[in-house]
Amino acid sequence: MHIVLGPADPGPGAAGPADPGPSPWRALLVEDGRTVGARDAPLSELPGLVRSLAAESPRPEAIRWVWSQTARVYPPLLAAGFEPARCWDLSLCQRILSQAAGFPDTGVEYAPVVELDPTPPEPAEERVLPRVDPAQGSLFDSPAAGERSGEPTADQLAAELAAQLRAVTGSRYPQRLTLLLAGESQGGMIAVEMNAAGLPWRRDLHEALLADALGPRPADGARPARMQELADRIAATLQVAGVNPDSQPSLLKALHTAGIPVRTTSKWDLMAWAEEGGERVEERRALIAELLEYKTLQRLWTANGWHWLDEWVRAGRFHPSYAVGGVVTGRWAAHGGGAMQVPATVRGAVRADPGWLLTVADASQVEPRILAAMSGDRALAQAGRDGDMYLGVAELGRRAGSAVSERSRAKIALLGAMYGSTTGDSGALVPHLRRLFPAALEFVESAARIGERGGRVATWLGRTSPAPSADWQAQVADVSTAEAESRARSMTRSHGRFTRNFVIQGTAAEWALCWMGAVRRRLHAGGADGAGLRTRLVFFVHDEVVLHGPAEEAGEVRTLLAEAAAEAGRLLFGNAPVEFPLTVSSVESYAEAK
DNA sequence: TGAGATCGCCAC
DNA sequence: AAACGTGGCGATCTCA
């Protein structure tokens with residue numbers, strides 16, 4: 001059973017002058033593609049309508065709720081305490097199907113009935129609006145939602161759903177595509193739930209950490225004391241007055257004036273110069289240490305300083321806004337506050353509430369495991385059987401007399417194979433890896449060859465890479481000069497590295513989606529009485545999740561995380577001999593995890 | 001003054 | 001000269 005939620009009538013923008021009355025919404029009950037019922041309610045009473053529909057159903061968990069965009073429709077329902085098992089996000093599914101429809105290999109035939117935008121609301125918009133309060137109305141009442149003209153009606157959305165389901169049925173791998181679209185939709189709900197819950201963040205601890213590193217909070221426009229001291233010392237050492245270490249050109253010029261021949265001002269270049277040897281190594285090291293310390297503090301101050309706290313932490317929670325499938329490969333993006341790059345230095349401010357714990361789970365070496373499963377490389381899968389896959393590869397390499405004989409080498413060799421490196425230590429090890437795992441290497445190299453030709457690839461569940469742009473086509477074809485030819489070659493290879501990585505990174509994202517979905521289901525069904533746990537997912541970064549809940553639930557949570565990881569592996573790859581072990585810990589501070 | 005490019009750092 | 005995938009983001013610089 002599908003229940004489609006949408007406005008009963010076209011939006012005010014389409015109909016003319018805005019109707020001052022409450023806009024009616026409609027729930028369409030759809031069974032086997034046929035509409036079998038409809039219920040209307042004012043927008044403000046939508047949560048009540050949804051709940052009564054669920055209560056009337058003999059199997060509420062079997063209802064798939066259908067809406068245009070989870071990020072806009074779900075928040076008020078969630079705020080009213082409604083957390084459905086399943087949904088279908090028409091805009092997220094449309095994005096995947098539209099991409100696939102241009103790629104004949106997928107067998108997807110699809111044309112949208114209504115164009116839907118999967119872009120989540122701006123985080124700024126969310127901040128301006130008060131958080132959704134179930135008693136006070138919802139995001140629907142916000143100016144942003146109201147201003148959108150021509151909001152598709154429930155009937156149009158039902159027609160769109162039918163078109164999407166037809167596209168899936170006729171596709172080459174309907175089961176996989178269904179899993180992808182259902183998973184993406186469920187990801188949409190999880191993203192909203194994590195945004196609403198937020199990551200527990202202690203302002204006092206963060207401020208203490210800032211004061212410790214930077215000194216007291218400076219007036220606006222002024223550098224923190226510790227940074228100013230360092231800047232003065234650097235200017236004195238270089239004997240270049242007024243050098244601004246925040247300005248790359250200024251710093252580079254000052255370094256050159258002082259006789260330091262670095263090519264860039266990057267950390268790596270500076271460190272290399274300091275360790276070059278020759279005369280006065282100690283002086284070099286001292287200068288570089290000051291520069292690096294300045295850079296570290298500058299980063300902390302600008303990326304996660306007081307301003308960041310003011311902007312992003314409300315009532316003890318950091319509320320990043322996630323864009324499900326916002327990255328071409330299907331990974332999630334996040335907007336606002338740099339959520340996907342919470343640096344190690346500030347993780348100490350992430351603390352569980354009193355009596356609660358953070359359970360942090362990190363999937364180990366997901367991408368090489370995905371590679372093993374997709375390529376069917378039994379040797380590589382075997383290497384991942386006992387926990388640490390890099391160790392397993394190194395052990396296998398040692399027994400075979402290969403150069404890939406220790407963990408660090410196994411790691412850079414595998415990463416190099418998946419990223420397409422050709423130079424350096426990593427590139428040099430790839431041929432050795434090919435001897436150990438020919439099937440896996442053939443798999444990634446075949447994806448690379450397709451990309452180099454300008455072709456497209458697909459993930460395991462059927463997310464497709466975009467066709468290269470017209471500009472790419474033109475530049476790759478331009479061999480009029482030696483320079484153009486070299487640029488063409490570079491672009492060709494670059495696109496090959498992209499498609500090579502796309503299949504793995506994208507399938508890893510699918511695994512993570514299935515993992516989180518399974519975690520969510522198990523949280524809802526957990527507890528001694530099966531009535532569900534209070535623990536919730538609060539944070540996600542590619543292959544790591546953070547949950548927050550009562551300490552007494554932590555043991556069960558750790559178990560269900562591991563079960564969910566195994567379930568995700570089975571969902572994608574059936575009984576293929578590939579495992580997805582986790583590193584899991586329940587801690588009070590995020591800094592203690594791992 | 002403001003959009004866009006560039007640099008550099010952070011995360012996976 | 002370590003550079004090989006996906007990103008976000010802030011400061012600075014460039015140019016209209």
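Because only heavy atoms are used, hydrogens play no part in the values below, and waters and symmetry mates are left out as well, while side chains stay in. To find a chain, count down the sequence lines: A is the first, B the second, and so on, and within it residues start at 1.
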Inset, instruction - For C:dC4, take OP1 and OP2 only and decide whether either is under 4.0 Å from a side-chain N or O of A:Thr423. - result: yes
Inset, instruction - Write down the distance separating the P atoms in C:dA1 and B:dG8, rounded off to the nearest Å. - result: 16 Å
Inset, instruction - Could you check whether A:Arg347 gets within reach of a base, just the sugar-phosphate, or nothing at all, counting any heavy atom under 4.0 Å? - result: sugar-phosphate
Legend entry - Any donor-acceptor N or O pair under 3.5 Å, side chains A:Asp117, A:Thr119: yes
Legend entry - Atom-pair distance (CD on A:Gln298; P on C:dG10), nearest Å: 12 Å
Inset, instruction - Flag the pair A:Phe540 / A:Trp515 as yes when their ring centroid distance falls below 6.0 Å, and as no otherwise. - result: no
Legend entry - Given C:dG8, C:dA3, C:dG5, the nucleotide with the shortest approach to the side chain of A:Trp268: C:dA3
Legend entry - Touch class at under 4.0 angstrom, heavy-atom based, for A:Phe502 against every strand present: nothing
Legend entry - Length of the CG-C1' vector between A:Asn304 and C:dC9, whole Å: 10 Å
Legend entry - Side-chain H-bond candidate by donor/acceptor type, A:Arg233 with A:Tyr294, under 3.5 Å: no
Legend entry - Nearest to side-chain heavy atoms of A:Ala344, which nucleotide of B:dA11, C:dG5, B:dC12: B:dA11
Inset, instruction - Whole angstrom is fine here: how far is it from OH in A:Tyr419 over to P in C:dT6? - result: 10 Å
Legend entry - Comparing A:Ser421 and A:Ser250 on DNA chain C - which has the more 5′ nearest nucleotide: A:Ser421
Inset, instruction - Ignoring hydrogens and angles, answer whether the base of B:dC9 and the side-chain atoms of A:Arg299 contain a donor-acceptor pair closer than 3.5 Å. - result: yes
Inset, instruction - Pick base, sugar-phosphate or nothing for A:Thr264, based on heavy-atom distances below 4.0 Å to the nucleic acid. - result: sugar-phosphate
Legend entry - Side chain of A:Val541 (C-beta onward), nearest among C:dT6, B:dC12, C:dG8: B:dC12
Inset, instruction - Among C:dG5, B:dC12, B:dA11, find the nucleotide with the atom closest to the side chain of A:Asp543. - result: B:dC12
Inset, instruction - Between C:dC4, C:dT12, C:dG7, spot the one nearest the side chain of A:Asn244, thanks. - result: C:dT12
Inset, instruction - Determine the contact category for A:Gly337: base if any of its heavy atoms lies under 4.0 Å from a base atom, sugar-phosphate if only primed atoms, P, OP1 or OP2 are that close, otherwise nothing. - result: sugar-phosphate
Inset, instruction - Round to the nearest Å and state the distance from A:Asn501 atom CG to B:dC12 atom P. - result: 16 Å
Inset, instruction - For A:Asp425 and C:dC4, give me the distance from atom CG to atom C1', rounded to whole Å. - result: 13 Å
Legend entry - Minimum-distance nucleotide (side-chain atoms of A:Val327 versus B:dC12, C:dG10, C:dG7): C:dG7
Inset, instruction - Determine: side-chain N/O of A:Ser247 to OP1/OP2 of C:dC13, distance under 4.0 Å, yes or no. - result: yes
Inset, instruction - Answer yes or no on whether A:Arg347 is positioned over the face of A:Tyr590, meaning its NZ or CZ is under 6.0 Å from the six-membered ring centre and within 45° of the axis. - result: yes
Inset, instruction - Between C:dC4, B:dA11, C:dG8, spot the one nearest the side chain of A:Arg497, thanks. - result: C:dC4
Inset, instruction - Kindly point out which of C:dC4, B:dA11, C:dT12 is positioned nearest to the side chain of A:Gln341? - result: B:dA11
Inset, instruction - Output the single nucleotide from C:dG5, C:dT6, B:dG8 whose closest atom is nearest the side chain of A:Val328. - result: C:dT6
Legend entry - B:dG8 OP1/OP2 closer than 4.0 Å to side-chain N/O of A:Lys267: no
Inset, instruction - Ignoring the backbone of A:His542, work out which of B:dC12, B:dG8, C:dC13 is nearest its side chain. - result: B:dC12
Inset, instruction - Could you check how far CG of A:Asp246 sits from P of B:dG8, rounded to whole Å? - result: 13 Å
Inset, instruction - Mark yes or no for a side-chain to base donor-acceptor pair under 3.5 Å between A:Gln248 and B:dG8, with no hydrogen or angle criteria applied. - result: no
Legend entry - Protein-nucleotide distance (A:Glu276, atom CD; C:dA1, atom C1'), rounded to Å: 11 Å
Inset, instruction - Could you tell me whether the side chains of A:Arg558 and A:Thr359 share a donor-acceptor contact shorter than 3.5 Å? - result: no
Inset, instruction - Would you classify A:Ala334 as touching base, sugar-phosphate or nothing, given that sugar-phosphate means primed atoms plus P, OP1 and OP2, and contacts are heavy atoms under 4.0 Å? - result: sugar-phosphate
Legend entry - Aromatic ring pairing A:Phe498/A:Phe502, orientation class (parallel under 30°, perpendicular over 60°, tilted between): perpendicular
Inset, instruction - Describe the nucleic acid contact of A:Gly338 in one word from base, sugar-phosphate, nothing, applying a heavy-atom distance below 4.0 Å. - result: sugar-phosphate
Legend entry - N or O in side chain of A:Thr329 less than 4.0 angstrom from C:dG5 OP1/OP2: no
Inset, instruction - Would you kindly give the CZ-to-C1' distance between A:Phe539 and B:dA11, to the nearest whole Å? - result: 9 Å
Inset, instruction - Could you tell me whether A:Val366 contacts a base, only the sugar-phosphate backbone, or nothing, with contacts defined as non-hydrogen atoms closer than 4.0 Å? - result: nothing
Inset, instruction - Determine, using ring centers only, whether A:Phe573 and A:Trp460 are less than 6.0 Å apart. - result: yes
